[in-house]
Amino acid sequence: MTDAAQQTPDLETQLPKTYAPVEVEARRYAKWVADGRFKADDDSDREPYAIVIPPPNVTGQLHLGHALDHTLIDTLVRRERMRGKEALFLPGTDHAGISTQNVVERQLADKEGLSRHDLGREAFVGKVWEWKDVYHERITSQMKKIGDGVDWDRERFTLDDGLSSAVQTMFKRMYDDGMIYRAERIINWCPRCMTALSDIEVEHQDDAGELVSMRYGEGEASIVVATTRLETMLGDTAVAVHPDDERYAHLLGTTVEVPFTGRRIPVVADAHVDPEFGTGAVKVTPAHDPNDFAIGQRHGLESILIMDERGVITAHGPFEGLDRFEARSAIAAALRAEGRIVAEQRPYMHAVGHCERCDTTVEPRLSKQWFVKVERLAKSAGDAVRSGETRIHPPEMEKRFFSWVDNLLDWCISRQLWWGHRIPIWYGPNGEEVCVGPGETAPEGYVQDPDVLDTWFSSGLWPFSTFGWPEDTKALEKFYPTAVLVTGWDIIFFWVVRMMMFGTYAMGRAPFGEVFLHGLIRDKHGKKMSKSSGNGIDPLEVVDRYGADALRFMLARDANPGADSIASIELAELSRNFCNKLWNGTRFALMSGATVEGDLPTDLSLIDRWVLSRLSATITSVDALFEQYEFAKAMDALYHFAKDDVFDWYLELTKPVLAAGGQRAEDTRRVIGHVFDQLLRLLHPVIPFVTEELWLTLNGTEAAGGSLTVAAWPTAAGTDAEAERAVAALQHLVTEVRRFRSDQDLKQSLPLPARLTGLAAVGLADEEPFIRGLVKLAPAGEGFAPTADLAVSDEVSVALDTSGSIDVDAERARLDKALKAAEKELEGAVKKLGNEAFLAKAPDAVVDKIKARKATAEADIARVTAQLDRLA
RNA sequence: GGGUGCUUAGCUCAGCGGUAGAGCACCUCCCUUACAAGGAGGUGGUCACAGGUUCGAUCCCUGUAGCACCCA
């Protein structure tokens with residue numbers, strides 16, 4: 001149609017009618033990496049902007065939550081790179097001690113029928129490394145597929161030599177500072193994983209258990225206690241009551257016998273016993289319950305372990321060798337036979353701790369383990385937020401942060417595993433203990449502690465160990481502290497707090513200036529997605545079906561700070577449609593001869609002024625929203641600018657201009673080129689693939705090695721209120737005419753003779769021919785007989801000759817509705833303005849607004865009434 | 001049991017002192033040479049419930065109900 005279209009006959013082949021993401025994405029990603037687009041330079045003068053990835057489990061797979069996290073990080077980093085920062089998205093994985101060891105042990109058992117003990121420690125760890133390589137390949141290829149623009153040269157793994165050295169250095173420093181100690185405490189023990197767990201690795205869930213009341217002692221000297229873990233009675237070393245509880249005052253100082261053991265235990269008074277709960281008397285098992293342990297400490301009670309590491313009863317007696325749950329029933333039966341069971345409540349719902357990794361019921365157990373003293377560390381982490389050194393977004397999440405940080409207990413860091421950083425403590429033949437730093441060797445004849453450290457000990461160092469700490473590296477100098485940590489709010493405790501504790505301790509500064517907490521992804525029913533419930537959507541499936549851009553746009557578009565979002569595969573389709581729309585819009589622009597060559601024209605048409613104003617407003621708004629991590633709103637602003645302003649209005653408005661040709665058409669081609677150039681830049685951080693493909697075509701810089709990844713981020717040029725007002729009036733007029741045609745069942749394409757009045761009043765004096773062309777209005781020639789009069793606004797009206805009768809009922813129905821709305825509006829305004837209290841107390845601005853509303857309503861009523869009269 | 005948050009159009013969510021917004025869905029029309037993965041037009045809500053504060057409450061306060069999550 002246009003000259004330009006003829007100039008580019010190959011466009012159809014260059015840009016097919018439908019966007020096909022799969023081919024484009026693989027090619028683009030490979031090229032970006034080959035061209036070093038994501039590499040960050042330690043030596044550059046540019047302002048640093050670094051985000052370290054929250055390292056996923058190396059043996060895991062990316063789920064939608066990761067995809068969301070990575071999309072948001074990648075969007076931030078890509079935008080900052082375009083803004084001229086030395087931008088870095090640092091990738092890596094963690095070794096996920098327990099879960100990785102579990103995975104490999106299971107594989108070993110299934111495939112070779114071997115346990116890790118059959119292999120021995122060294123061989124087993126070698127096996128795990130082999131597995132790690134396989135899984136690592138999988139997870140990194142997933143990251144590439146969703147478009148993570150990471151600097152692969154800086155990829156780290158928590159068990160790398162460098163990071164291992166960081167862990168050892170940190171351990172030694174803290175050990176020497178007295179921040180790490182070994183002690184006998186009640187810890188969470190998983191009898192299946194056969195290791196200690198930290199508090200956050202235990203998940204509490206309501207289980208249907210039983211509450212059994214049993215009687216200790218006989219007659220006057222008897223006392224009834226209730227328990228959900230009857231088997232622990234074998235380890236009871238006291239019965240405790242509240243000191244003020246008169247019911248039991250006479251028993252204090254006496255002893256009762258523990259059945260089956262012959263052991264006599266005292267009745268003690270302890271203020272921590274709740275007299276309201278149950279009978280007010282509790283059994284005390286110091287070796288298997290944290291509260292009981294505390295009571296035991298206060299009263300100098302013996303602690304008796306009654307189970308082994310697998311949860312099998314070891315106490316001598318008839319129950320020896322039974323599993324803890326078998327023992328529970330067996331003991332109940334035996335006590336029942338002795339007439340000691342006073343009451344049984346079943347089911348009794350109560351929270352039971354489960355191993356986060358294998359779901360086994362956790363057994364509290366007295367055990368000698370290594371701990372980190374957290375008081376001081378937690379305080380500095382809290383102080384970093386209190387002082388504003390680290391800001392949390394959204395601020396409401398601070399509460400969650402503080403409630404955790406201010407109530408932290410010492411952290412059990414030793415794990416009875418083989419996969420991980422081995423504790424650098426060596427024991428001498430005479431009970432000596434030395435902590436060995438990197439490069440040091442333990443004295444002859446010493447043996448190393450067999451345990452390894454909690455994975456989070458190494459992950460906590462991530463924001464600086466990945467930059468080479470403890471070496472004084474240029475990378476550390478350049479990028480620490482990092483710009484922001486981005487993660488889900490459920491990870492505050494795992495990630496944020498631990499990194500902040502270690503960062504403030506080792507570096508003297510918090511590891512990030514900001515923390516942005518996004519929500520979790522849930523399924524249609526609001527359930528958290530998880531492997532076990534099988535409701536997860538595989539992000540890679542979304543990528544295969546709709547493309548990575550669609551996946552990313554879907555996720556970013558729903559990302560309101562701190563709020564969870566619902567995902568379903570259908571939502572990805574909508575995002576895919578948007579990408580396709582962008583593809584076709586740009587394709588049309590190119591076919592129309594859009595160009596980015598030369599300066600922008602200075603003598604602009606109204607619609608060009610308008611679109612540039614909209615562009616500017618969009619840039620301003622998007623910038624402000626990104627600064628606040630308001631991804632959903634930023635995406636909304638971009639979506640509306642693209643779809644409404646550019647595609648639905650601007651491109652349509654330019655069609656007659658281009659068709660008319662001449663200088664105006666040339667100038668408009670330049671403006672179209674500019675608008676698309678800027679739009680593609682604005683969308684690039686979130687949908688990098690399709691925008692790069694289109695932008696390179698638009699700019700024709702592919703051959704010259706150009707890339708949108710390093711193109712400058714747009715800046716706002718200022719808005720044009722006059723043009724915005726005039727085009728808004730134009731849009732209103734056009735919509736009214738279309739609406740009329742639709743209501744009247746008249747084809748939009750059928751020309752109607754019309755008379756337009758009042759255009760000058762809204763700045764559209766020169767645009768009448770243009771408007772007539774747009775909505776197919778023919779001149780009001782000889783014999784013009786208007787059958788309808790559309791009052792578009794106070795100023796503008798359109799008289800139409802439909803050459804015949806019109807559907808009066810349809811028009812009347814519409815006008816009645818408009819009249820009713822206006823009357824309701826007027827009524828409300830009049831009522832307010834008649835209220836003296838309102839006039840006296842409301843701010844002037846509000847009163848003026850209501851007055852204006854009243855005037856508008858009155859004008860609307862007059863106009864609509866007049867139209868109704870004319871209809872009659 | 002303690003705590004936090006949520007309840008706004010059919011669905012997913014914004015708004016948060018001046019009488020309601022978006023996307024999708026839905027209804028009508030249209031295969032108009034950028035796009036049917038599309039276009040044009042349109043319908044739709046006593047803002048969970050009950051009190052209170054205020055000239056005015058979806059928005060603030062109290063209580064109730066339901067849901068979610070965290071901690072014991």
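Just so it is clear, the model here is predicted, and its values are computed rather than measured. Letters A, B, ... mirror the listed sequences (proteins, then strands); counts begin at 1.
- For the pair A:D558 and A:N291, both in contact range of RNA chain B, the more 5′-proximal nearest nucleotide belongs to A:D558.
- Whole-Å rounding puts the A:L750 CG to B:rA40 P distance at 20 Å.
- In the set B:rG23, B:rG18, B:rA34, B:rG18 carries the atom at the smallest distance from any side-chain atom of A:P843.
- Among the heavy atoms of the strands lying under 4.0 Å from A:R557 are primed sugar atoms or P, OP1, OP2 only; no base atom is included.
- When distances are taken from the side chain of A:F588 to each of B:rC69, B:rA34, B:rG41, the shortest belongs to B:rA34.
- Within 4.0 Å (heavy atoms only), A:D745 reaches no atom of the nucleic acid at all.
- Using a 4.0 Å heavy-atom distance criterion, A:N580 is classed as a base contact.
- A:S403 comes within 4.0 angstrom of no nucleic acid atom, judged by non-hydrogen atoms across all strands.
- Here the side chain of A:R400 is nearest to one of B:rA37, B:rC69, B:rA36, namely B:rC69.
- B:rC69 and B:rU54 are spaced 40 Å apart, taking the P atom of each and rounding to whole Å.
- A:K849 comes within contact range of no nucleotide atom at all, as no heavy-atom separation falls under 4.0 Å.
- Using a 4.0 Å heavy-atom cutoff across all strands shown, A:K817 reaches sugar-phosphate atoms only and no base atom.
- Under 4.0 angstrom from either OP1 or OP2 of B:rG38 there lies at least one side-chain N or O belonging to A:N577.
- Between A:K17 and B:rC35 there is a side-chain N or O to OP1 or OP2 distance below 4.0 Å.
- For B:rA34, its base sits under 3.5 Å from the side chain of A:E652 at one donor and acceptor pair at least.
- Between the base of B:rC35 and the side chain of A:K581 there is a donor-acceptor pair shorter than 3.5 Å.
- The base of B:rA37 sits with one of its N or O atoms less than 3.5 Å from a complementary donor or acceptor on the side chain of A:R576.
- Between A:W489 and A:L839, the residue anchored nearer the 5' end of RNA chain B, judged by the nucleotide with its closest heavy atom, is A:L839.
- A:R739 places its CZ atom 18 Å from the P atom of B:rC30, with the value rounded to the nearest Å.
- With salt bridges taken as basic N to acidic carboxylate O contacts below 4.0 Å, one links A:R739 and A:E811.
- Taking the six-membered ring for Trp and the full ring otherwise, A:F516 and A:H393 have centroids separated by 6.0 Å or more.
- A:W456 has its ring centre less than 6.0 Å from the ring centre of A:W495.
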